[in-house]
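The block underneath contains the structure these notes are about, expressed in C-alpha cells.
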2 protein chains.
Amino acid sequence: MQTQTENADDIRVAVSTVILTVQRTTSSSAPVLSLPLVRRTREPFYDQWALPGGWLNAHENLEDAAARTLRETTGLAPSYLEQLYAFGAVRRSPTRVISVVYWALVQADAVAETTATLHHQHDQENVAWFSAAQLPALAFDHADIIDYALWRLRNKVGYSRVAHGFLPPEFTLADLRETYESILGKHLDPANFRRQVEASGSLIPTDKFRTGAHRPARLYRHNSTVELADKGPLTPEETKTP
Amino acid sequence: MQTQTENADDIRVAVSTVILTVQRTTSSSAPVLSLPLVRRTREPFYDQWALPGGWLNAHENLEDAAARTLRETTGLAPSYLEQLYAFGAVRRSPTRVISVVYWALVQADAVAETTATLHHQHDQENVAWFSAAQLPALAFDHADIIDYALWRLRNKVGYSRVAHGFLPPEFTLADLRETYESILGKHLDPANFRRQVEASGSLIPTDKFRTGAHRPARLYRHNSTVELADKGPLTPEETKTP
DNA sequence: TTAATAGTGTCTCTGAGACAGTATATA
DNA sequence: TATATACTGTCTCAGAGACACTATTAA
C-alpha cells in the first residue's frame with residue numbers, strides 16, 4: 001500500500017471455506033465431524049476433490065464471499081464463520097493465487113434436511129460430505145488447510161463455546177458432550193462436563209425433557225447473550241475482553 | 001478457485017506489518033511497547049502515518065514480502081513473524097485492496113543500533129517510532145489493525161513465550177518480567193514469575209551475572225529447542241501439538 | 001427388577017497468586 | 001549499616017478431573 005510494483009496485477013484472490021458439521025450416520029451411532037468437498041470441473045487438479053470456494057468479486061467483502069460459496073455449496077447459512085488464514089505461497093497453484101480461507105460451522109439437522117431437498121437441484125452432484133478422519137486426495141494445498149482448520153476448531157472449543165454452533169436450538173447435555181467428544185476425539189466425564197457447562201452460564205435450561213429408553217434428559221437452549229467466540233478484528237467488542 | 005468472475009482483476013494485494021518492540025527511553029525508566037510508522041508520500045491519506053508495507057510482488061511469498069518491508073523500514077530482521085489477518089472490506093480503501101497483515105517482534109537493542117546508523121540513509125526520515133499507548137491519527141483502517149495486533153500479542157504472551165523475541169541473547173529475569181509487564185500493562189510478582197518461567201524450561205541459566213547497584217542478577221539465555229509460539233499452518237510440527 | 005442414562009456429592013491434585021523471609025550486592 | 005533487588009519458602013484458593021452415589025425412565 002506504499003509503492004506499486006509492475007507485477008501486482010498478476011495476483012488473483014480466491015475465497016474458500018472449510019465447512020464443518022457434526023452429524024450422526026444412524027440415530028444411535030456416535031456423531032462424526034464431517035465436511036463437504038467439491039469435485040473440480042476444470043484444470044488444474046481436474047476431477048479431484050477440493051474445498052468449496054471461488055474468485056473474490058470486486059465489490060464483495062471477504063466474509064460475504066465465504067458465506068456465498070457456503071450457501072451455493074450446501075444451501076445453508078453458517079451458525080459460525082471466521083477467517084482461518086490467507087494462503088499465498090508462490091507455487092501453491094500454477095498461477096499466482098492468494099486464497100483467503102474461512103471456516104464455518106453448520107447445524108447437523110439443517111444439513112440432513114437440505115441434502116435431501118437440494119440433491120437434484122443445480123450441480124449438487126459434485127458435492128459430497130466426508131468424515132474429517134477419512135478424507136480423499138485433495139487439490140492444491142487443501143489437505144494442509146483442512147488440517148489447520150481442524151486444529152483451530154479443536155483449540156477453540158477448549159476456551160470458547162464455538163461447538164454450540166453445531167447444535168439445533170434445543171438439545172440435551174449429552175448432545176453437547178458428544179459433540180465435544182467427536183471434535184476432540186476423546187471421552188469426557190459426564191459429571192464434570194455438566195458442571196463446567198453450567199458454571200459457564202452459556203446454557204438456559206428449558207422445562208422440556210427428551211424422553212427415550214432411559215431417564216429423560218432436560219433440554220437446554222443457547223444463551224444468546226454469550227458470544228460463541230471472538231471472531232477476529234471485525235467484532236471489536238469481543239476482542240477487547242477475551 | 002472454482003468459477004471465475006469478470007471482476008477478479010480489479011483487486012490488488014498489499015502486505016503490511018505491525019512491527020513491535022519493547023524499548024527504554026532512558027536506561028532507568030520502564031520499557032515501553034513501541035512500533036514504527038511511515039508517513040505516506042501520496043494519496044490517499046497523503047502525509048498521514050500508516051503501517052509499513054507495500055504491494056505484493058507476483059513472485060514473492062506473503063511472509064517474504066512482510067520481512068522485506070520490515071527490513072526496508074527498520075533495517076532489521078524479525079525475531080518473530082506471524083500472519084495477523086487478511087483485511088478486505090470493500091470500502092477500506094478508495095480502490096479495492098486486500099491487505100494481508102503480519103505482526104513482527106524485533107529486539108530493542110537492535111532497534112537502538114540501526115536507528116542511529118540508518119537515520120540518514122535512504123528515506124528513513126519518513127519513519128518514526130511511537131509508543132503503542134500514544135498513537136497519532138492513522139491512514140485507512142490501520143488503527144483497528146494495530147489494536148488487533150496488540151490484542152493478539154497480549155493474548156499470546158499468556159500461553160507462549162513470544163515475549164522472548166523482544167530480548168537480546170542474554171538477559172536477567174527482571175528484564176523478562178519488565179517486558180511482560182510493559183506488554184500486559186500490569187505488575188507481576190517477581191517470585192511467582194520466576195517460578196513459572198523456570199518451570200516452563202524455556203530458559204537456560206548462564207554463569208554470568210549482571211552487576212548493578214544491588215545484588216547481581218543471573219543472566220539467562222533462550223532455550224532454542226522450545227519454539228516461541230505456533231506460527232500458523234505453515235509450520236505443521238508445532239501446530240500438531242499446541 | 002434390570003439396565004442404562006440423568007444428575008449430585010466429594011475427594012485429590014495442580015497451578016496461580018499472595019506474601020513472608022533470606023541472601024548479596026552497592027553506597 | 002541501610003537499602004534495594006535477587007531469590008526461596010509456604011500458605012491459600014480455584015478449577016480440572018476421578019469416581020462413588022442417587023434418581024428416573026422403559027423394557
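Residue numbering restarts at 1 for every chain, and letters A, B, ... go by the order of the sequence lines. Just so it is clear, the structure is predicted and the values come from calculations on it, not from any experiment.
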*Only counting residues at least two apart or in another chain, list the ones meeting salt bridge (charged side-chain N to carboxylate O under 4.0 Å, His left out) with A:Arg195.*
none

*Provide, to the nearest angstrom, the distance between the CD atom belonging to B:Glu198 and the C1' atom belonging to D:dG9.*
13 Å

*Find the distance B:Leu188:CG to C:dG17:P and express it as a whole number of Å.*
8 Å

*Which listed nucleotide (D:dT25, C:dG7, D:dA6) is nearest to the side chain of B:Ala217?*
D:dA6

*For the residue pair B:Ser99 and B:Arg92, confirm or rule out a side-chain donor-acceptor distance under 3.5 Å.*
yes

Identify all pairs in which a protein N or O lies below 3.5 Å from an N or O of nucleotides 10-13 of chain D, and state each distance.
residue : atom : partner  : partner atom : Å
D:dT10  : O4   : B:Arg195 : NH2          : 3.2

_Taking the ring centre of each residue, are A:Phe171 and A:Tyr220 less than 6.0 Å apart?_
no

*asked:* Measure CG/B:Asp175 against P/D:dT5 and give the value in whole Å, please.
replied: 14 Å

*Which comes earlier along DNA chain C counting from the 5' end, the contact point of A:Pro190 or that of A:Ala213, where each point is its nearest nucleotide?*
A:Ala213

*How many Å lie between CZ on A:Arg194 and P on D:dA20, as a whole number?*
19 Å

*Rounded to whole angstroms, how far apart are CD on B:Gln196 and C1' on C:dG17?*
8 Å

*A:Asp189 has an atom CG; how far is it from atom P of C:dT12, in whole Å?*
17 Å

*asked:* Applying side-chain hydrogen bond (donor to acceptor under 3.5 Å, both in side chains) to B:Tyr80 and B:Glu82, what does each step give before you reach the verdict?
replied: CA-CA 7 Å; B:Tyr80 183 75; B:Glu82 178 189 319; 2.3 Å; yes

*Which comes earlier along DNA chain C counting from the 5' end, the contact point of A:Ala191 or that of B:Ala191, where each point is its nearest nucleotide?*
A:Ala191

*Rounding to a whole Å, what distance do you find between A:Leu173:CG and D:dT24:C1'?*
16 Å

*Determine whether the aromatic ring centres of A:Phe130 and A:Trp49 lie less than 6.0 Å apart.*
yes

*Calculate the interatomic distance between A:Phe209 atom CZ and D:dA26 atom P; express it in whole Å.*
13 Å

*Might you point out which heavy atoms bring B:Arg24 and B:Ser29 nearest each other, and give the distance in Å?*
NH1-O, 3.1 Å

*Within the side chain of A:Glu181, is there an N or O that forms a donor-acceptor pair under 3.5 Å with the backbone of A:Leu188?*
yes

*Could you check which of C:dT24, C:dG9, C:dA6 has an atom nearest any side-chain atom of B:Pro216?*
C:dT24

*Closest to the B:Arg215 side chain: D:dT24, C:dA18, D:dC7?*
D:dC7

